[in-house]
Amino acid sequence: MTVVVVGAGPVGVAAALLLARRGVDVLVLDRHAAVYPQPRAVHLDDESLRVLQAAGVADAFAAVSRPMAGLRLLDGAHRTLVEFRRGPGVHGWPQASMFTQPDLEALMRAELAGEPRARLRGGCELLHVEQRDGSVRVVLRDLATREDEEVDADAVLGCDGANSTVRRLIGARMRDLGPTERWLVVDLESVEPLDVWPGVHQVCDPARPATFMPVAGSRYRAEFRLADDETAADLDLPVQLACFGAAGAQVVRTAEYSYAAQVADRWRNGRVLLCGDAAHLTPPFIGQGLGLGLRDAHQLAWKLAAVLAGGDEELLDTHQAERAPHAAALIRVAVLLGRLMTGGGRGAAVVRRLALGRVRRLPGLSDFTLGSRTPPLRRGRLVRRPRFVPGSPVGALVPQPTVAVDGMRVRLDDVLGEGWAVLTAGGPVPALADAAGVRVLRLGDGPGELACPELVRWLRGRSVLVRPDRIVAAATPSFPAIMARRWRRPARSRRVATDTP
Ligand SMILES: Cc1cc2nc3c(=O)[nH]c(=O)nc-3n(C[C@H](O)[C@H](O)[C@H](O)COP(=O)(O)OP(=O)(O)OC[C@H]3O[C@@H](n4cnc5c(N)ncnc54)[C@H](O)[C@@H]3O)c2cc1C
């Protein structure tokens, strides 16, 4: 079983680590030998950190990142309109972390280098894919010798970024969810810490929308929207930076980016699938571009590993069905926040002040701005979300408190392991669980039970079925037996008993 991952950006390497940990051999290809040196992403939420945890790099990430205080929306005079605090959250990690992307990519690649099932080959470019008889022939070019080679794989993941070749090869197109905007990104360093609030400052001024934030270590980031006819030279940078209290910082890089709001209309053709920026692009206002891609990798890795081990091929159909609406929902939140920040016209400032004051009532935006919770996955084959049950946990990640097991305190995901699990605090456990090889984890104080009053309270007498990617698939009383039967692998190929129920 070999999967070729095209692109050694953070999403491709995350996918490779997650697949390799499930016993799949992975070849990662990239045009470049080294990590892309320019900082791009600076923010990750706590849901995304659970993906890094599954990939084995969350503790190393914690060492190079710092928790972020929250988000302040400011008016044109830099007065605070509204503030959203971030704290410890329910996922076992800070709700928001700040970091520089090259640091993250370097530690992910170091982890990959120690993974016997994975190999990274830089300096080669994917040219073509051809599918026959359930396998994929990959044509690549060695950029040093200019020679073309062929590699056969059981599946190909297109993690090749915004200008994805794989996306083009499977005939997918990007669909616009909002306008494209030009922003100037300014990276700063200050050896002496700047006297600034340690969260993200978002200036909601149509004349000059801007963002400023301390990143990690001595790094800071400022971003300014450019009008259609403007260039970076038109911006009085020292004055703009002084408004944020960053006059003393040294500018280490300025770069202009065009931010699109787009989702691909097709994420799969047979055994060729898309993840990350290849499948979606978002404006940066809620710092979700990479987070979305990490979720793609996490939610696809176990399905693909199960299919390669003989599971039902239809599992792969759920990739786009689950991920595309989730990505689109968050991109729309980013577009909406962007409009609130940047919308102009007569009376806009008054409208903005009123709208931001009522942000709790704006669908989608409130969950994200008040906490870090992203929308639950829609009802589908692997998500038995009940209709008309507000507050159902189904489709969202199970929380990750610390649990005590045999006197040891560990994060829940480390107990859940790689497969499906039922969590119960004495509630009903449908017969499917034991029969299908699903682990049943009982909460309580007895021998072999998990002690965690927080999780017992969260369960509220229900039992929940948790997928390998920590998403709640179902909750009693609607545990569907069909879910376990449908995705079970044939007995002959059940190598990892807990991968699929
Ligand atoms: C200024 C800026 C700020 C951002 N801030 C945030 C933020 O705060 N939070 C957040 O979550 N996201 C943020 N993002 C988005 C984030 O950086 C991207 O979502 C993320 O890098 C996408 O990762 P990826 O692995 O999908 O793609 P990339 O990182 O683009 O990696 C794709 C890889 O594929 C390789 N490749 C491409 N084509 C081929 C080919 N044909 N053959 C071989 N290799 C190929 C490339 O060399 C590259 O290494 C920001 C982006 C920008 C530009």
Side-chain angles (χ1 to χ4, degrees), residues 4-16 27-45 47-49 51-52 65 68 71 96-102 104-105 108-109 120-129 138-143 151 156-169 181-187 200 202 211 213 215-216 221-225 253-260 262 264 274-297 327 330-331 334 372 374:
V4 167
V5 173
V6 185
V11 175
V13 176
L27 172 63
V28 187
L29 306 175
D30 203 290
R31 280 195 186 112
H32 304 290
V35 163
Y36 182 65
Q38 299 298 2
R40 289 178 289 164
V42 289
H43 161 270
L44 274 182
D45 66 17
E47 292 187 359
S48 308
L49 257 74
V51 184
L52 298 186
S65 60
M68 186 257 267
L71 170 69
S97 296
M98 303 301 287
F99 66 105
T100 62
Q101 191 168 332
L104 170 64
E105 293 193 34
M108 292 178 91
R109 284 193 182 203
L120 169 60
R121 182 170 165 189
C124 64
E125 185 174 51
L126 170 93
L127 298 180
H128 195 63
V129 289
V138 175
V139 182
L140 60 97
R141 177 163 299 162
D142 185 307
L143 295 175
V151 175
V156 169
L157 296 191
C159 303
D160 49 346
N163 300 311
S164 169
T165 306
V166 179
R167 185 175 69 223
R168 177 175 53 76
L169 292 173
E181 293 189 348
R182 289 166 58 236
W183 282 70
L184 185 73
V185 175
V186 183
D187 284 306
V200 175
Q202 199 101 58
T211 311
M213 64 206 100
V215 182
R221 155 93 43 101
E223 302 186 5
F224 304 94
R225 195 183 71 177
R253 174 185 85 132
T254 57
E256 196 185 308
Y257 283 96
S258 289
Y259 293 127
Q262 296 178 330
L274 301 181
C275 285
D277 275 17
H280 41 70
L281 293 168
T282 179
F285 303 124
I286 53 172
Q288 278 296 328
L290 174 54
L292 287 173
L294 292 175
R295 289 175 179 91
D296 298 343
L330 278 182
I331 293 168
S372 60
T374 68

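Order of listing sets the numbers, starting from 1, for every ligand and every atom in it.
Between W183 and F285, the angle of the ring planes goes over 60°, which puts this pair in the perpendicular group of the 30/60° scheme.
Put simply, the side chain of E47 does not reach to within 4.5 Å of the side chain of L294, judged on heavy atoms.
Between the OG atom in S97 and the CG atom in L52 there is a gap of 9.0 Å [rounded to 0.5 Å].
Salt bridge R31/E125: present, at least one basic N to carboxylate O contact under 4.0 Å. For R168 and D160, the salt-bridge test fails: no basic side-chain N is under 4.0 Å from an acidic carboxylate O.
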Check ligand 1 for N or O atoms under 3.5 Å from a protein N or O and list each pair with its distance.
from	atom 1	to	atom 2	distance (Å)
ligand 1	8 (O)	V42	N	3.1
ligand 1	8 (O)	H43	N	3.1
ligand 1	9 (N)	H43	O	2.9
ligand 1	9 (N)	G287	O	3.3
ligand 1	11 (O)	G287	O	3.3
ligand 1	11 (O)	G289	N	3.3
ligand 1	11 (O)	L290	N	2.8
ligand 1	11 (O)	G291	N	3.2
ligand 1	12 (N)	G289	N	3.4
ligand 1	12 (N)	L290	N	3.0
ligand 1	17 (O)	Q101	OE1	2.9
ligand 1	19 (O)	D277	OD1	2.7
ligand 1	19 (O)	D277	OD2	3.4
ligand 1	19 (O)	L290	N	3.2
ligand 1	21 (O)	Q101	NE2	2.9
ligand 1	25 (O)	P10	N	3.4
ligand 1	25 (O)	V11	N	3.1
ligand 1	26 (O)	D277	N	3.0
ligand 1	29 (O)	R40	NH1	3.4
ligand 1	29 (O)	R40	NH2	2.9
ligand 1	30 (O)	R40	NH1	3.4
ligand 1	38 (N)	R31	NH1	3.3
ligand 1	41 (N)	L126	O	3.4
ligand 1	41 (N)	T165	OG1	3.1
ligand 1	42 (N)	L126	N	2.9
ligand 1	44 (N)	R31	N	3.2
ligand 1	47 (O)	D30	OD1	2.7
ligand 1	49 (O)	D30	OD1	3.3
ligand 1	49 (O)	D30	OD2	2.6

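Within the structure, the side-chain hydrogen bond (donor to acceptor under 3.5 Å, both in side chains) test picks out no pair touching residues 33-42 (sequence neighbours left out).
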